[in-house]
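Reviewing the structure listed below.
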Amino acid sequence: MFEKISKQIWWKIATVLLLFYTCIYGFWVKIPDLPILEESIRNLFFHVPMWFSMMLMMFMSLVYSLRYLATGNSRFDVIAANMAVIGFLMGSLGIITGMVWAKVTWGAWWVFAEVKLNAAAAALLVYMAYFVLRSSFEDPESKAKFSAVYSIFAFVMFMVLINVIPRISTSSLHPGNGGNPGFNSYDLDANLRTVFYPAILGWIGLSFWLSTQLIRIEMIQRKINDID
């Protein structure tokens, strides 16, 4: 299934078109007149979809880690690892775009009292430990087994850090947390939706595309090195 989807061209063309649409129309579309946020609301088309992409990639990494543990098929380990790489990339970009947004709306690149920022950084550190763990093994089978087991722990911690802790906090400045209204409740109007939803599909498509390329490269390297 994965190979069939990765070889199809239609979704790659759609991804390119959606991202062009997001990057061009996203800076042209009329936005709601909101205090403080003002033009920075356009970051909604980048920051939020990047985080959605990160969550999907980490979830897919978990799924393929479980499939590896169930079957012992090394290809599933390769898929899980490279999806985690792209998830980490999207998360890093999400933090960077979030820092830009924080500077505009909160006056600082990083607000240390902001729970969601700190939790997001901690979540990425959890996955950084995943990559360190993988690099500490020379035996491919041991690397795959220990990584797959850690992947389960990493995803659980990841979801707790980015979804549970910020929601129960009462001090968060982030929209939708700490009693602050979320975008749906007051400013995600029809104009923003015309870009926001295509942006989600575009960034997810790009994440999946990048992961397929990394997977293909690693599988070629494994064949060259004669690793089953």
Side-chain angles (χ1 to χ4, degrees), residues 18-58 84-129 131 154 157-204 206-207 210:
L18 286 168
L19 289 178
F20 266 108
Y21 172 80
T22 298
C23 293
I24 295 174
Y25 189 61
F27 287 100
W28 181 70
V29 67
K30 184 179 179 181
I31 58 173
D33 184 16
L34 296 170
I36 302 176
L37 286 174
E38 299 177 349
E39 288 292 327
S40 74
I41 191 66
R42 298 185 193 276
N43 202 4
L44 179 71
F45 311 141
F46 303 92
H47 173 67
V48 179
M50 286 173 180
W51 277 94
F52 285 167
S53 300
M54 172 192 63
M55 288 189 284
L56 179 60
M57 289 295 103
M58 296 314 191
V85 169
I86 299 304
F88 187 87
L89 172 64
M90 286 295 138
S92 300
L93 292 175
I95 282 188
I96 292 171
T97 53
M99 289 172 63
V100 173
W101 216 345
K103 179 63 176 176
V104 173
T105 58
W106 302 336
W109 294 104
W110 195 275
V111 180
F112 289 96
E114 166 54 35
V115 175
K116 197 156 191 173
L117 285 178
N118 296 326
L124 290 184
L125 287 176
V126 169
Y127 272 94
M128 188 176 292
F131 302 130
M157 289 301 300
F158 173 76
M159 295 305 294
V160 169
L161 285 166
I162 68 170
N163 283 324
V164 178
I165 292 178
R167 292 183 185 278
I168 63 177
S169 172
T170 58
S171 61
S172 177
L173 299 172
H174 200 277
N177 300 118
N180 296 312
F183 287 112
N184 282 334
S185 63
Y186 70 97
D187 61 10
L188 188 55
D189 68 358
N191 285 342
L192 292 178
R193 287 189 177 93
T194 61
V195 183
F196 179 60
Y197 295 132
I200 293 174
L201 295 176
W203 287 109
I204 288 177
L206 178 62
S207 299
L210 290 173

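For the single chain, residues carry numbers from 1 onward in sequence order.
- Shown here are the ring-ring contact (aromatic ring centres under 6.0 Å, His included) partners of Y127, two or more places apart in sequence or in another chain: F158.
- Atoms CG and CD1, on L19 and I24 in that order, are 10.5 Å from each other to the nearest 0.5 Å.
- Expressed to the nearest 0.5 Å, how far CE of M99 lies from NZ of K103 amounts to 10.5 Å.
- Smallest separation of non-hydrogen atoms from P49 and L44: CD-O, 3.1 Å.
- One distance of note links CE of M90 with CE of M55; it measures 13.0 Å at 0.5 Å rounding.
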**Study point:** Working for side-chain contact (heavy atoms from CB on, under 4.5 Å), residues S92 and L124
**Key:** CA-CA 8 Å; S92 300; L124 290 184; 4.1 Å; yes
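- Shortest non-hydrogen contact noted between L161 and A119 is O-CB, 2.9 Å.
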**Study point:** Pair F196-I200, side-chain contact (heavy atoms from CB on, under 4.5 Å): steps then yes or no
**Key:** CA-CA 6 Å; F196 179 60; I200 293 174; 3.7 Å; yes
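- Taking the six-membered ring for Trp and the full ring otherwise, F27 and F46 have centroids separated by under 6.0 Å.
- The structure places CG of L93 at 5.0 Å from CE of M50, a figure rounded to the nearest 0.5 Å.
- Here the closest non-hydrogen pair linking A123 and I162 is CB-CG2, 3.7 Å.
- Counting heavy atoms from C-beta outward, V29 and R42 have side chains that approach closer than 4.5 Å.
- Listed here is the closest heavy atom pair of I41 and W101: CA-CZ2, 4.0 Å.
- Residues satisfying the side chain to side chain donor-acceptor pair (under 3.5 Å) criterion with W110, sequence neighbours excluded, are N118.
- Nearest heavy-atom pair, I204 versus S53, reported as atom, atom and distance to 0.1 Å: N-OG, 3.2 Å.
- Proximity of I95 to W51: side-chain heavy atoms (C-beta onward) are separated by under 4.5 Å at one or more points.
- For T97, the side chain to side chain donor-acceptor pair (under 3.5 Å) partners are H47, not counting sequence neighbours.
- Between Y21 and T194, the closest heavy-atom pair is OH-O, 2.9 Å.
- A donor-acceptor pair is defined here as one N or O able to donate and one able to accept, closer than 3.5 Å; such a pair exists between the side chain of W203 and the backbone of F45.
- For N191 (side chain) and K30 (main-chain N/O), a donor-acceptor pair under 3.5 Å exists by modelled atom type.
- The 12-atom threshold is not exceeded at CZ of F20, counting heavy atoms of other residues, nucleotides or ligands nearer than 6.0 Å.
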